[in-house]
Amino acid sequence: MHASAAIPVIAIDGPSASGKGTVAALAARALGFHYLDSGAIYRVTAFAARRAGVSLEDPQALAGLARGLDLRFDGGEVYLDGQPVGDAIRTEEAGRDASRIAAMPPVREALLERQRAFRQAPGLVTDGRDMGSVVFPDAALKIFLTATCEERANRRYKQLIEKGFDANLAALFQDLSERDARDAARAAAPLRQTADAHLLETSDLTIGQAVEQVLVWFREASAH
Ligand code: DC
């Protein structure tokens, strides 16, 4: 057995703007675990491609770029080539670009080991689309965290307004539906609840309640 296999992973997958990132980061803090936002890796890859003039239609070129990315996470910020890019990769356009390139198997393959390297003691909480199905299939706890599309559009709307960005609720709803459809329909690691994942429907939960549920399930899983 690989030594890292003993390090517990909590894999939280789900659709866009479900709040899984917030819940995952808070659960990681509560447990003193590391946190990996895997979507940020896809977002940075697409952002770096645009900046370098690499076509978002060219899987091999994108995979090459993905392998060589100088990417670092530190204190909630994401650095590309030493420069903070957190705000630039959080736009809806960056999310759409990420979703497009994430459908390409060579890109996913190129990013696989980079994601697995985040499995460090004492543990990892990670969120994305295929954390439980592909990247960490032996995760101690797998969760499919979701909310209705209306609720997710509302949450994203509030988030953007708070950050001082322009936002249009109807356009956000449309965007989220399209992105979810693409992430779920793709052949490579589609967004899907696996049979061994707990369903966490958060439309009527506060963030605190959702985090608490994750911690309860983790305690149960660790007791076995
Ligand atoms: O979680 P997010 O919205 O930051 O992710 C952006 C896009 O990246 C998402 O639309 C699909 C893709 N993604 C993926 O395919 N697999 C992951 N593990 C995480 C994100």
Side-chain angles (χ1 to χ4, degrees), residues 9-25 28 35-50 56 59 62-63 65-66 69 71 73 76-78 80 85-119 124-137 139 142-147 149 151-153 155-157 159-160 163 165 172-194 197 200 202:
V9 174
I10 299 179
I12 304 183
D13 291 304
S16 310
S18 53
K20 60 191 187 308
T22 307
V23 172
Y35 166 56
L36 167 65
D37 169 4
S38 66
I41 298 184
Y42 287 92
R43 287 170 182 265
V44 171
T45 303
F47 175 80
R50 281 215 185 264
L56 296 191
L62 289 166
L65 178 106
L69 279 185
L71 173 64
F73 290 88
E77 182 54 272
V78 189
L80 173 65
V85 292
D87 284 344
I89 63 163
R90 292 291 158 211
T91 64
E92 291 311 299
E93 193 198 5
R96 220 174 301 133
D97 283 353
S99 171
R100 280 173 63 195
I101 68 158
M104 301 169 177
V107 173
R108 306 198 71 83
E109 178 62 33
L111 294 175
L112 198 53
E113 286 314 315
R114 190 185 280 270
Q115 294 171 84
R116 288 186 176 148
F118 282 85
R119 187 176 202 164
L124 174 70
V125 185
T126 180
D127 78 277
R129 305 294 185 291
D130 64 339
M131 295 297 100
S133 55
V134 176
V135 183
F136 301 107
K142 300 181 188 181
I143 294 172
F144 191 80
L145 191 155
T146 189
C149 197
E151 181 58 27
R152 291 186 285 119
R155 289 178 187 173
R156 180 55 57 89
Y157 179 80
Q159 213 177 40
L160 289 170
K163 285 187 181 166
F165 290 119
L172 280 171
F173 182 89
Q174 179 71 18
D175 226 54
L176 287 177
S177 325
E178 283 171 11
R179 189 134 71 87
D180 293 344
R182 181 170 41 226
D183 292 345
R186 70 185 181 210
L191 169 68
R192 190 167 296 160
Q193 183 185 352
T194 55
L200 186 49
T202 65

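Nothing here was measured: the structure is a model prediction, and the numbers come from that model. Order of appearance sets the numbers: ligands from 1, and atoms from 1 within every ligand. Hydrogens, waters and symmetry mates are skipped; everything else that's a heavy atom, side chains included, is used.
Centroid-to-centroid, the aromatic rings of Y35 and F73 stay 6.0 Å apart or farther.
Remark: distances from the non-hydrogen atoms of K20 to ligand 1 include one below 4.0 Å. Under a 4.0 Å heavy-atom criterion, R96 is not in contact with ligand 1.
Checked by atom type and distance alone, the side chain of R129 never pairs as donor or acceptor with a backbone atom of L191 at under 3.5 Å. Distance alone, capped at 3.5 Å, is enough to place a donor-acceptor pair between the R108 side chain and the A102 backbone. Judged by distance alone, the side chain of E93 and the main-chain N or O of D97 form no donor-acceptor pair under 3.5 Å. Of the possible polar contacts, one joining the E77 side chain to the G86 backbone as a donor-acceptor pair under 3.5 Å is found. S18 contributes no side-chain N or O that, together with a main-chain N or O of G14, makes up a donor-acceptor pair within less than 3.5 Å.
In summary, D37 and R90 engage in a salt bridge, as defined by a charged side-chain N under 4.0 Å from a carboxylate O.
Some N or O of D183 is nearer than 3.5 Å to an N or O of ligand 1, by distance alone. Here's the thing with D127: none of its N/O atoms is less than 3.5 angstrom from an N/O atom of ligand 1. Residue-to-ligand polar distances keep D37 apart from ligand 1: every N/O pair is separated by 3.5 Å or more. The distance criterion of under 3.5 Å between nitrogen or oxygen atoms is met by S38 with respect to ligand 1. Considering backbone and side-chain N/O of D130, one or more are found under 3.5 Å from N/O of ligand 1. Close N/O approach between R43 and ligand 1 is found [any backbone or side-chain N/O within under 3.5 Å].
Looking only at protein heavy atoms, the nearest one to atom 17 (C) of ligand 1 is R129 N, 3.4 Å. Protein heavy atom at the shortest distance from atom 7 (C) of ligand 1 is A98 CB, 3.7 Å. What sits closest to atom 12 (C) of ligand 1 on the protein, heavy atoms only, is A102 CB, 3.6 Å.
Between T194 and K142, the shortest heavy-atom distance links the atoms OG1-CD, 4.3 Å.
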